[in-house]
Novice: 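Here you go, one structure.
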There are 2 protein chains.
Amino acid sequence: MGNPVEEKREIIAGELKKRGLRMTLPRRVIIETLADADSYLTAEDIYHKFHAEHPGIGLATVYRTLVLFHQLGIVTKLDVGEGKARFELARTEHHHLLVCEKCYKVVKYSDFTTQEKDGFAELERLVEKMYHFRINRHVVQYCGVCPECLAKEGAS
Amino acid sequence: MGNPVEEKREIIAGELKKRGLRMTLPRRVIIETLADADSYLTAEDIYHKFHAEHPGIGLATVYRTLVLFHQLGIVTKLDVGEGKARFELARTEHHHLLVCEKCYKVVKYSDFTTQEKDGFAELERLVEKMYHFRINRHVVQYCGVCPECLAKEGAS
DNA sequence: GTTCGTGCAAACCCTTTGCACAAAC
DNA sequence: GTTTGTGCAAAGGGTTTGCACGAAC
């Protein structure tokens, strides 16, 4: 126990078993890579991070695993128009995003006011009723230019 | 005047001229196609919509034009993880999105409460200060399942 | 006449897939 | 032993690009 990555892996292993799916080395490695990361990763990012240690695991497996984990809700997929998707382990802690439209850096924050939280929860229920959608989650992205790119702009 | 599409086109023509760029037939056709549409279109959607009438205009031109218009802020780009991008003419009227994760249908709504509006404006300023981003816009997506896909789910 | 824009086709890149082999159960 | 998962390489699909021609200024 103790170790949060191991804990996470146990939970996921359970999820898989329930559906007759197996916990294999590639899946374990991908979970650990995602758990170690502090931000969204592309499939290639993940692949490169473990490739030195596990050269036997291929990129196709990373893609297949990410599709599977996304379907199971284990992983969150994010696409900000970069031409490739990014992933992270689904968290119970909800967060909003700051996306730099120049370099596609993504910054997360989750220090909401309670007012903010209540507001969103209420809105979600309202929208659900009005449009007859079943809403699973919401994504809030602030799009703009990050400090680094702002500095570059100023310099040029 | 009167006609809002013509008006829009005039404004865009001005934007182009300012930068030494030209208003051409393909650009005009793409603007009109986007102006006619009531929802986000893919590059191929746009291409197919005018292709019967303007068979001479190619798909590559659509892509090049969309990149240009996006840079100029004339067009908004949306990527919901569908594997292709969607576009619409940038509007002064801000809206939020409902995205169906099964069929990728996108529904927009813009009937916010004033409380909702003020809340977002305040948040944007706050986040701007805290993270030193220059924020241009925000995107709010409620992700879930649309009424049609819900019905199909129930039927199966 | 010069510059900018376009059409076409080929190239590119991310992602998916077919197939034979390997691993998990 | 059967089923599920994987590696590899090839295919797929959206998007971009090089180049020569055409259009806008």
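Numbers restart at 1 for each chain; the letters A, B, ... are given by sequence-line order, proteins then strands.
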Novice: Please pick, from D/dT17, C/dA24, C/dC14, the nucleotide with the shortest atom-to-atom distance to any side-chain atom of A/T24.
Specialist: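 Shortest atom-to-atom distance from the side chain points to C/dA24.
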Novice: Under the criterion side-chain contact (heavy atoms from CB on, under 4.5 Å), which of A/L123, A/V139, A/N136 is the partner of B/Y142?
Specialist: A/L123
Novice: With A/K108 as the cation and A/Y40 as the aromatic partner, state whether NZ or CZ is under 6.0 Å from the six-membered ring centre and within 45° of the axis.
Specialist: yes
Novice: Write down the atom of B/G58, the atom of B/Y47, and the distance for their closest heavy-atom approach.
Specialist: C-CE1, 3.8 Å
Novice: Nearest whole angstrom, please: distance from the P of C/dC14 to the CG of A/L41.
Specialist: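 So the two atoms are 15 Å apart, to the nearest Å.
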Novice: Within this structure, what is the CD-to-P distance between B/Q71 and D/dT15, rounded to whole angstrom?
Specialist: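 Rounding to the nearest Å, CD of B/Q71 and P of D/dT15 are 16 Å apart.
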Novice: If you compare every side-chain N and O of A/Y63 against the phosphate oxygens of C/dT15 (OP1, OP2), does one of them come in below 4.0 Å?
Specialist: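 Indeed, a polar side-chain atom of A/Y63 lies that close.
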Novice: Between C/dC14, C/dG5, C/dT16, spot the one nearest the side chain of B/R27, thanks.
Specialist: C/dG5
Novice: What is the distance, rounded to the nearest whole Å, between atom CD1 of B/I30 and atom P of C/dG5?
Specialist: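 After rounding, the gap between these two atoms is 13 Å.
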Novice: So if I take every side-chain heavy atom of B/R22 and compare against D/dT15, D/dG7, D/dC25, which nucleotide ends up nearest?
Specialist: D/dC25
Novice: Find the distance B/F69:CZ to C/dG5:P and express it as a whole number of Å.
Specialist: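 Rounding to the nearest Å, CZ of B/F69 and P of C/dG5 are 10 Å apart.
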Novice: Is the shortest distance from a Lys or Arg side-chain nitrogen in B/R28 or B/E32 to a carboxylate oxygen in the other one below 4.0 Å?
Specialist: no
Novice: Once you round it to whole Å, what is the distance between P of C/dT15 and CG of B/D79?
Specialist: 10 Å
Novice: Mapping B/F87 and B/L21 onto DNA chain D by nearest heavy atom, which one lands closer to the 5' end?
Specialist: B/F87
Novice: Using heavy atoms to find the nearest nucleotide of DNA chain C for A/R64 and A/A43 separately, return the residue whose nucleotide is more 5′.
Specialist: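 Its nucleotide being nearer the 5' end, the pick is A/A43.
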Novice: For B/L68 and D/dT17, what is the distance between atoms CG and P respectively, to the nearest whole Å?
Specialist: 14 Å
Novice: Of the listed nucleotides (D/dT15, D/dA9, C/dG7), which one gets closest to any side-chain atom of B/L59?
Specialist: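 Ranking D/dT15, D/dA9, C/dG7 by closest atom to the B/L59 side chain puts D/dT15 first.
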Novice: Given C/dT6, D/dG14, C/dT15, which nucleotide is nearest the side-chain atoms of A/A85?
Specialist: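 So the nucleotide nearest the side chain must be C/dT15.
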Novice: Send over the distance from A/I46 CD1 to C/dT15 P, rounded to a whole Å.
Specialist: 10 Å
Novice: Say whether A/D36 and A/T33, considering side chains only, have a donor N or O and an acceptor N or O under 3.5 Å apart.
Specialist: no
Novice: Pick the nucleotide of DNA chain D nearest each of B/K77 and B/K17; which residue has the one closer to the 5' end?
Specialist: B/K77
Novice: With a 4.0 Å cut-off on heavy atoms, is B/L25 in touch with a base, just the backbone sugar-phosphate, or nothing at all?
Specialist: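 Nothing, no nucleic acid heavy atom in range.
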Novice: Please give, in whole Å, the distance from D/dT6 P to A/L16 CG?
Specialist: 10 Å
